[in-house]
*Asks:* 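Here it is, the structure in full.
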Amino acid sequence: MDEQPRILICRLSHIGDCILTSPMVNAIRDRLPCACIVWAVEAPSDQLLALHPGIDRLIRVPKNWLKKPSCWGTLLGDLRQHRFDIAFDPQGITKSALLGWLSGARRRVGAKGRWGRELSVLLNNELIETNGSHLVDRSLELLRPVEIPTHDIKFNLPICVDSQQQVEQFLNRQSLESDFMLINPGASWASKRWEVERFASVAEAAWRQFAIRSVVTWAGSEEQEMAATIHRLSPESTVVADKTSLRQLAALCQKATCFIGCDTGPLHIAAAVGTPCIGLYGTTRPEESGAYGDQHIAIQKSYQAGSCRQRRTSENTAMQLIQVADVLPAIEQILSQPIATSLPMEYPQAGC
C-alpha cells in the first residue's frame with residue numbers, strides 16, 4: 001500500500017460506536033504516519049473526533065442525508081475532492097457504505113455476514129469475515145487487507161484544555177477535589193435504562209460504606225429530571241453535574257474514580273479516558289459493545305434478544321433484574337484494587 005494513502009472512514013453514529021471505532025485511526029496512523037485520514041461523521045460525535053490527533057479532517061454529514069436531496073451536491077463535492085484510495089465501512093449499513101461508494105474510492109472495505117447489513121455488502125467491494133465479537137476488534141479486522149498491525153489498541157481521546165479547567169472549577173465549588181464516582185442514568189433506548197431509584201440507592205450505599213460521593217451527569221431535559229430525582233432521593237451523597245458538552249464530559253470522566261451507567265455514549269467516553277466503568281446491560285451484550293478493557297466490570301442478569309428495532313422498543317425487563325446488591329460489590333472491587341489495564345492509554349490534551 002502507498003505510504004501516503006488517502007483514507008476515508010465511514011462511521012456516522014452513534015457516540016459510543018464512534019469512540020469504539022477510533023482505535024482504527026491510531027492503528028492506521030502508527031503504520032502510515034503520512035496518510036491522509038478523513039472521517040465521515042454526524043453530529044454530535046464530531047465534537048470529540050474533531051480534536052483527535054490522528055484525524056486530518058472530518059466530513060460532517062447531515063442527519064438523514066439520504067432524505068435531503070438539497071445536501072447531496074455539497075456532500076459529494078466534499079467526498080470527491082480528496083480522491084480517496086480506500087474507504088473503510090465499520091458501520092456496515094447502507095448509508096455508511098454509500099458514502100464510500102460516492103467518494104469514488106477504488107477499494108471499499110466492509111464486513112460480510114452478520115455485521116454487513118442492508119445494502120452494504122453490495123456497495124463495498126472487499127468483504128471481510130470478522131472473527132472478533134467486540135466492536136473494537138471487528139473494526140480493526142477491517143484493516144486486514146492492508147496488512148496494518150492491530151495489536152496495540154489505543155483510543156487517544158483528547159482532553160480539551162478549556163473543558164478541563166471548567167470541570168476543575170465545578171469540582172472545586174462542590175468540594176470534590178478527591179475521589180468521586182460518576183453516575184449516568186440516561187440512555188438513548190428506554191429499554192437500556194435502570195430505575196433512578198436504584199441509582200439513588202447505589203449512591204447512598206456507596207457514601208455510607210465507602211465514603212465516596214457521586215456526581216450525576218445528564219444530557220437533555222428528560223435526563224436532567226432523572227438526575228434531579230436521584231439527588232432528591234439521596235441529597236447527601238450526590239451532586240448534579242452542570243450542563244456539559246461532550247468535551248466537558250470527557251474531562252469530567254477523566255477525573256472520576258469510577259463510572260456507573262448503562263450502555264450509552266458516556267460509558268464509552270469514560271472507558272476511553274481510562275476511568276474504570278461498571279456497565280449495566282440488558283438489551284445489548286457487553287462482549288459485543290460494552291466498555292472495552294479488562295479494568296471494567298459488566299453486570300448482566302439477562303439478555304433481551306431480538307432485532308435492533310425489537311430491542312430498542314422493548315420493555316426494560318432485563319435491566320430490572322439487576323439489583324442494587326449486584327452493583328455494590330463491583331464498586332468495592334474497583335475502589336479496593338489498583339487499576340490494571342491491558343490497554344496502552346494516552347490522553348493527549350487539545351486546544352478547544
Side-chain angles (χ1 to χ4, degrees), residues 7-29 37-63 78 88 90-91 96 99 134-136 139-140 153-168 170 182 184 186-188 215 217-220 223 241-256 259 261-277 279 289-293 296 343-352:
I7 297 171
L8 174 65
I9 296 175
C10 300
R11 164 62 78 174
L12 302 175
S13 58
H14 301 275
I15 295 168
D17 290 345
C18 287
I19 290 171
L20 293 175
T21 304
S22 63
M24 281 187 77
V25 172
N26 301 308
I28 295 170
R29 183 61 71 199
I37 302 175
V38 179
W39 189 314
V41 65
E42 297 173 352
S45 301
D46 60 320
Q47 295 179 32
L48 293 174
L49 295 179
L51 301 178
H52 197 290
I55 299 173
D56 292 297
R57 190 192 162 194
L58 295 181
I59 294 178
R60 290 176 169 85
V61 180
K63 286 183 180 295
D78 285 345
F88 292 101
Q91 191 155 359
S96 56
L99 289 174
H134 199 281
L135 194 157
V136 169
S139 298
L140 289 170
I153 299 173
K154 297 179 291 188
F155 288 95
N156 280 16
L157 189 68
I159 301 298
C160 170
V161 175
D162 288 350
S163 296
Q164 192 173 50
Q165 293 172 349
Q166 291 160 359
V167 163
E168 289 174 351
F170 164 76
L182 280 187
N184 185 85
S188 57
V215 175
T217 58
W218 56 275
E223 291 187 14
D242 291 342
K243 181 179 181 180
T244 57
S245 66
L246 290 180
R247 295 176 182 180
Q248 291 166 339
L249 180 61
L252 182 60
C253 286
Q254 191 190 35
K255 293 285 187 180
F259 178 100
C262 312
D263 184 6
T264 187
L267 172 80
H268 299 292
I269 291 174
V273 298
T275 300
C277 297
S289 60
Y292 192 83
H296 309 299
L343 295 180
M345 295 285 187
E346 298 178 16
Y347 317 114
Q349 289 191 332
C352 302

*Asks:* At what distance, to the nearest 0.5 angstrom, does NE2 of H268 lie from NE2 of H296?
*Replies:* 10.0 Å
*Asks:* Run through T21, L48, I9, L49 and flag the one making a side-chain contact (heavy atoms from CB on, under 4.5 Å) with V41.
*Replies:* L49
*Asks:* Can you list the steps and then say if K255 with V215 is a side-chain contact (heavy atoms from CB on, under 4.5 Å)?
*Replies:* CA-CA 11 Å; K255 293 285 187 180; V215 175; over 6 Å; no
*Asks:* Does E42 offer a backbone N or O that forms a donor-acceptor pair with the side chain of K63 under 3.5 Å?
*Replies:* no
*Asks:* Which distance, rounded to the nearest 0.5 Å, do you find between the CD of Q248 and the OG1 of T217?
*Replies:* 12.5 Å
*Asks:* Does the side chain of F259 reach to within under 4.5 Å of the side chain of P266, using non-hydrogen atoms?
*Replies:* yes
*Asks:* Below 4.5 Å, heavy atoms only, C-beta onward: do M24 and L140 meet side chain to side chain?
*Replies:* yes
*Asks:* Show the nearest heavy-atom pair for residues L51 and P158, with the distance to one decimal.
*Replies:* O-CG, 3.2 Å
*Asks:* For the pair R29 (side chain) and G54 (backbone), establish whether a donor and an acceptor sit closer than 3.5 Å, ignoring hydrogens and angles.
*Replies:* yes
*Asks:* Nearest 0.5 Å, please: how far is OG in S163 from CD in Q254?
*Replies:* 11.5 Å
*Asks:* Under the side-chain contact (heavy atoms from CB on, under 4.5 Å) rule, what do L267 and N184 come out as? Steps first, then yes or no, please.
*Replies:* CA-CA 8 Å; L267 172 80; N184 185 85; over 6 Å; no
*Asks:* Is the side chain of R11 donor-acceptor paired with the backbone N or O of W39 at a distance under 3.5 Å, no angle test?
*Replies:* no
*Asks:* Between CZ of F88 and CD1 of I28, what distance do you get to the nearest 0.5 Å?
*Replies:* 5.0 Å
*Asks:* Could you walk me through whether L182 and C253 pass the side-chain contact (heavy atoms from CB on, under 4.5 Å) test, one step at a time?
*Replies:* CA-CA 7 Å; L182 280 187; C253 286; 3.7 Å; yes
*Asks:* Short question: side chain of D56, backbone of I37 - any donor-acceptor pair under 3.5 Å?
*Replies:* yes
*Asks:* Would you confirm whether W218, through its side chain, and G186, through its main-chain N or O, come within 3.5 Å as a donor-acceptor pair?
*Replies:* no
*Asks:* What is the minimum heavy-atom distance between C10 and P90, and which atoms define it?
*Replies:* O-CD, 3.5 Å
*Asks:* Nearest 0.5 Å, please: how far is CD1 in I153 from OG in S22?
*Replies:* 11.0 Å
*Asks:* Which heavy atom of N26 sits nearest a heavy atom of H52, and at what distance?
*Replies:* OD1-CE1, 3.1 Å
*Asks:* Can you list everything that forms a side-chain hydrogen bond (donor to acceptor under 3.5 Å, both in side chains) with D46? Sequence neighbours excluded, please.
*Replies:* R60
*Asks:* Please table the atom pairs, donor to acceptor, closer than 3.5 Å between any side-chain atom in residues 12-20 and protein atoms at least two apart or in another chain.
*Replies:*
none

*Asks:* Verify side-chain contact (heavy atoms from CB on, under 4.5 Å) between T244 and F170, making sure each step is shown before the conclusion.
*Replies:* CA-CA 11 Å; T244 57; F170 164 76; over 6 Å; no
*Asks:* For D263 and S289, work out which heavy atoms get closest and say how close.
*Replies:* OD2-OG, 3.2 Å
